[in-house]
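When a residue number appears, it is its place in the shown sequence, counting from 1.
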Amino acid sequence: MNMYLCGQIVTMKKMNDIKLWCTLYIKRHFVALVKMWQSRKKAYLPFFTSLGLVAAIAIQGVWLNNTYILIEENLRKESSEAIAEAVRKEASIRFATTPKGTRIDGSSKNDTVPENTFFYEGITDLGYPMNMDTVDSIASVLLKEYGIEDDFVVCEVKLRSRELLRQSKKLNFSHDTIRSKAIPVRTDLSEGVELLLINPYKTFFERMGLLMIASFIMLVLVIGCIVYQIKVIIYQKKVAKLREDFSYAMIHDMKTPLSSIMMCSDALNDEKIESIPELKKSFLGVVKSETVHLLKLINKLLTISKLESHKLTMVKEKVQLEPMLGRIRETFKAKSTKPLYFTLNLQAREVDADKEYLEEAVYNLVDNAVKYSKDEGEVEVEITSECSGGYSCIKVRDNGIGFSEEDKRKIFDKFERGSAIKSSRLGKVAGFGLGLNYVYQVMEAHGGTVTASSVVGKFSEFTLYMPALEEEDTENKE
């Protein structure tokens, strides 16, 4: 007994071990399958999207085909009813022409021969053959009552061989016909009359038209939704790429001033610096300027966010352009490592704008002119202004590397820097890609806009448009 119990325990333990092993095996492979799916789901997405589109089209096709078959059966049934009624009425007309007292007797010995067939055969045997034209005319009226106006022909045929004996009119038959149920006119079921609808597309379209239009609209909506989803996916990938570029640019731009601040802070902690006041003052100046630089970057991000949410209002005033542009010119001449030449041609001396944001917008355009200048040679910046057509215009033109038509469509987007993105990876051009977006947002907030034109390798020109006061426009014209 003990040995039996021990055997049972060992067996149960082995079974539990096998169950545990199977569970772990399935779990491990299931997790691996899930991870593989997550890693490759972007690659599978186009396949499943296409599969879904094909499935949607297939379902629509099956639905339309079933509807077509149903309508075809209804047409066959209605045609059969119409020809049966037409033959009966035509037989009644023939019987009315027979002498008074004429009787036609006949009955079916079984259910295979319709009772009317004895009547049709009896009249024919009396010497009153069926008039195909009369049957055709009556069938035409009955078909119209059913809403069928397609071409048709009434045929008398041999039921077994389908050999054509007579027809109401000469029409070419095609494979696109609907054949009604044959009406026997002989009790031996050798001959019968049937109606053929020829090319009944008109009736099909009338009955399926609304369904076809609805199906087409539904299919267009499905395809539109799928295309929209694909666009959303592409946009999300683009946003992910922009975030990656933005993170790189943000770290790069903030690292330099922070490094300078840390280096100067370490130097200022040295006791020896106290004996050199000029150097101490210089280091303090660097710390201040780099701190201001960081603060400007942060403020620019906050400003763009407020402008996009329409939470920032412009405080407009009369802005004198010459002093403002003079400050920008002196700032860049002091910090530029290349020969920098400014040309001012101010036909409009003042504009109605927010002084702070307008100056920052023009500063960004000049900063781009310096950043994206050619590797060798001097930087030339020409700034002109005029007032016409109800707008004050400020143009900033440079002789830099320019940008392509493809870049032109996206340079005002946030985090976009056109062809400069590639070079920024090598550290040649730094920045968040916010400058031109900032300019665009500021001009929009002013009720104006900004346009760009360029020739690669020759120049770039940006034009700021701001609504002008009536008196400004009048003064400019005078």
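The salt bridge (charged side-chain N to carboxylate O under 4.0 Å, His left out) contacts involving residues 51-63 comprise nothing, where partners must be two or more places apart or lie in separate chains.
Between the T102 side chain and the T98 main chain, no donor and acceptor come within less than 3.5 Å of each other. A distance-only check finds a donor-acceptor pair linking the side chain of R94 to the backbone of Y128 [under 3.5 Å]. S454 places a side-chain N or O within 3.5 Å of a backbone atom of F403 that can act as its donor or acceptor partner. Listed for the K458 side chain is no donor-acceptor partner under 3.5 Å among the backbone atoms of I401. Within the 3.5 Å criterion, the main-chain N or O of D133 finds a donor-acceptor partner in the side chain of N131. In this structure a side-chain-to-backbone donor-acceptor pair under 3.5 Å is missing from T117 to V113. Judged purely by atom type and a 3.5 angstrom limit, S140 has no side-chain atom pairing as donor or acceptor with the backbone of D136.
A cation-pi arrangement, defined by a distance under 6.0 Å to the six-membered ring centre and an angle within 45 degrees of its axis, is absent between K77 and Y146. Under the 6.0 Å distance and 45° angle rule, R397 counts as a cation-pi partner of F459.
Heavy atoms only, all atoms of each residue included: V351 and S392 are closest at CG1-CB, 3.6 Å. Closest of all the heavy-atom pairs between A86 and L142 is N-CD1, 3.7 Å.
Side-chain atoms of I198 and D150, non-hydrogen and from C-beta on, never get closer than 4.5 Å to each other. L464 is listed as a side-chain neighbour of L365, based on a closest heavy-atom distance under 4.5 Å. Side-chain contact between E461 and V455 is absent, with no heavy-atom pair separated by less than 4.5 Å. Residues F152 and K169 form a side-chain contact, since some pair of their non-hydrogen atoms from C-beta on lies under 4.5 Å apart. Residues T203 and L197 form no side-chain contact, since every pair of their non-hydrogen atoms from C-beta on lies 4.5 Å or further apart. With a 4.5 Å cut-off on side-chain heavy atoms, W63 and T67 count as touching. Residues E356 and V315 fail the side-chain proximity criterion, which asks for heavy atoms closer than 4.5 Å. Side-chain contact check for V450 versus Y465: every heavy-atom pair is 4.5 Å or farther apart.
In this structure, CD in E156 is found 11.5 Å from CD in Q167, a value given to the nearest 0.5 Å. Note that the NZ atom of K395 and the CD1 atom of I383 stand 13.5 Å from one another [nearest 0.5 Å]. Rounded to the nearest 0.5 angstrom, L64 CG and M208 CE are separated by 5.0 Å. Note: E191 CD to E163 CD = 9.5 Å, rounded to the nearest 0.5 Å. Taken to the nearest 0.5 Å, the CG atom of D354 stands 10.5 Å off from the CD atom of E359. Distance check, rounded to the nearest 0.5 Å: CD of E90 to CD1 of I83 gives 10.0 Å.
Crowding of M212 atom CE: a count of heavy atoms from other residues, nucleotides or ligands under 6.0 Å not exceeding 12. Applying the 6.0 Å contact sphere to CD1 of I69 captures more than 12 heavy atoms from other residues, nucleotides or ligands.
Partner of E78 under the salt bridge (Lys or Arg N to Asp or Glu O under 4.0 Å) criterion, out of K181, K144, R207: R207 alone.
Between F119 and F95, the distance separating the two ring centers is shorter than 6.0 angstrom.
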Original post:
Should R186 and E121 be marked as a salt bridge (Lys or Arg N to Asp or Glu O under 4.0 Å) after you check the CA-CA gap, both sets of side-chain angles, and the distance that decides it?
Top reply: CA-CA 5 Å; R186 289 289 178 183; E121 185 181 50; 3.6 Å; yes
Original post:
Yes or no on side chain to side chain contact (heavy atoms under 4.5 Å, CB included) for N368 and V396, after CA distance, side-chain angles and deciding distance?
Top reply: CA-CA 10 Å; N368 274 356; V396 180; over 6 Å; no
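Ring planes of F462 and F412: perpendicular class, angle over 60° (limits at 30 and 60°).
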